[in-house]
Amino acid sequence: MSFIFNDSFKYTLKRMVGVFFVLFAFLLSAQANVVCMCVTTPVTFLQVIDGDSIWVKKERRKVLVHFSEVDAPEINEPGKKLDCPQDQRKAKLARDLILEMLTSAKEVGLIIKEEISELELRAQVYADGLSVGQELLYKYLAMEGKWDQCE
């Protein structure tokens with residue numbers, strides 16, 4: 001038994017496949033901020049340093065993690081001059097957002113981009129599949145690339 005596909009059927013099939021790919025691409029872009037935790041390296045969150053650095057426990061070692069692809073203002077240490085009060089406000093808000101996201105998460109994971117040393121790396125950080133770095137960007141508490149002073 002052979003099937004003969006007429007031009008009308010082929011045209012309809014091509015349109016359906018095209019619509020499927022457009023919808024699929026839309027769904028991927030809408031979910032770009034979320035990943036399956038199965039693709040991350042599981043870690044235990046320990047402490048926030050500032051708006052783009054944290055301490056975690058990875059394979060029974062304390063590791064310093066710098067967020068990749070985002071930069072937040074640094075928190076001035078006591079005794080240092082405050083160059084930009086508005087940056088300090090954003091730095092503290094970024095720190096607090098990271099603390100809230102990672103302490104409330106059931107799972108924390110990393111997609112490691114660079115191993116600086118055994119105890120220091122650069123990575124994308126995820127809390128229950130949600131990108132912490134992207135959340136910082138959405139709330140204007142970090143920038144892609146280098147943070148510009150006094151924005």
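Count residues from 1 along the sequence. Because the structure is predicted, anything quoted here is derived from the model rather than measured.
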Reported [atom1]-to-[atom2] distance for the pair [X] and [Y], which is rounded to 0.5 angstrom:
X    : Y    : atom1 : atom2 : value
L102 : L97  : CG    : CG    : 9.0 Å
L141 : R89  : CG    : CZ    : 8.0 Å
L99  : I54  : CG    : CD1   : 10.5 Å
K58  : L110 : NZ    : CG    : 8.0 Å

Check your understanding: Stepwise, does the side-chain contact (heavy atoms from CB on, under 4.5 Å) test hold for I112 with E115?
Key -> CA-CA 7 Å; I112 299 169; E115 290 193 29; 3.9 Å; yes
Practice item. For residues 37-69, pull every pair meeting disulfide bond (SG atoms under 2.5 Å apart), keeping only residues two or more places apart or in separate chains. Key: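 Matches after skipping sequence neighbours: C36-C38.
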Smallest separation among heavy atoms of [X] and [Y], with atom names:
X    : Y    : result
E118 : V63  : O-CG2, 4.2 Å
D128 : S104 : OD2-O, 4.3 Å
A94  : A72  : CB-CB, 4.4 Å
M143 : K146 : SD-O, 4.1 Å
D50  : I98  : O-CD1, 3.7 Å
Y140 : K90  : O-NZ, 3.3 Å

**Study point:** Connected via hydrophobic side-chain network under 4.5 Å: I49 and L121
**Key:**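 No, because I49 and L121 fall into different hydrophobic clusters, even though each may have its own neighbours under 4.5 Å.
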Practice item. Answer with yes or no whether the hydrophobic clustering places L93 together with V132; edges join I, L, V, M, F, W, Y residues whose side-chain heavy atoms lie under 4.5 Å apart. Key: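 Per the 4.5 Å side-chain linkage, L93 and V132 are co-clustered.
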Point to revise | Residue list, side-chain hydrogen bond (donor to acceptor under 3.5 Å, both in side chains) with E74, at least two apart or on another chain | key: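 For E74, no residue satisfies side-chain hydrogen bond (donor to acceptor under 3.5 Å, both in side chains) once neighbours in sequence are set aside.
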Exercise for review: Please step through side-chain contact (heavy atoms from CB on, under 4.5 Å) for the pair D52 and L136, ending with a clear verdict.
Suggested key: CA-CA 9 Å; D52 55 17; L136 290 168; 5.7 Å; no
Practice item. Dump the intermediate steps for side-chain contact (heavy atoms from CB on, under 4.5 Å) on R95 and I75, then the final yes or no. Key: CA-CA 9 Å; R95 178 198 59 201; I75 295 176; 3.8 Å; yes
For [X], give me all partners under side chain to side chain contact (heavy atoms under 4.5 Å, CB included), at least two apart in sequence or on another chain.
X    : answer
Q124 : S68, E69, I111, K113, Y126
L137 : V70, Q134, A142, E144
E114 : I116, R122

Please report, to 0.1 Å, the donor-acceptor pairs under 3.5 Å made by any side chain of residues 40-48, with sequence neighbours excluded.
| residue | atom | partner | partner atom | Å |
| --- | --- | --- | --- | --- |
| T40 | OG1 | M37 | O | 2.8 |

Check your understanding: Is it true that atom CD of E100 has more than 12 heavy atoms of other residues, nucleotides or ligands lying nearer than 6.0 Å?
Key ->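 Atom CD in E100 is not crowded, with 12 or fewer foreign heavy atoms closer than 6.0 Å.
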Point to revise | Evaluation steps, side-chain contact (heavy atoms from CB on, under 4.5 Å), between W55 and V65 | key: CA-CA 6 Å; W55 285 103; V65 178; over 6 Å; no
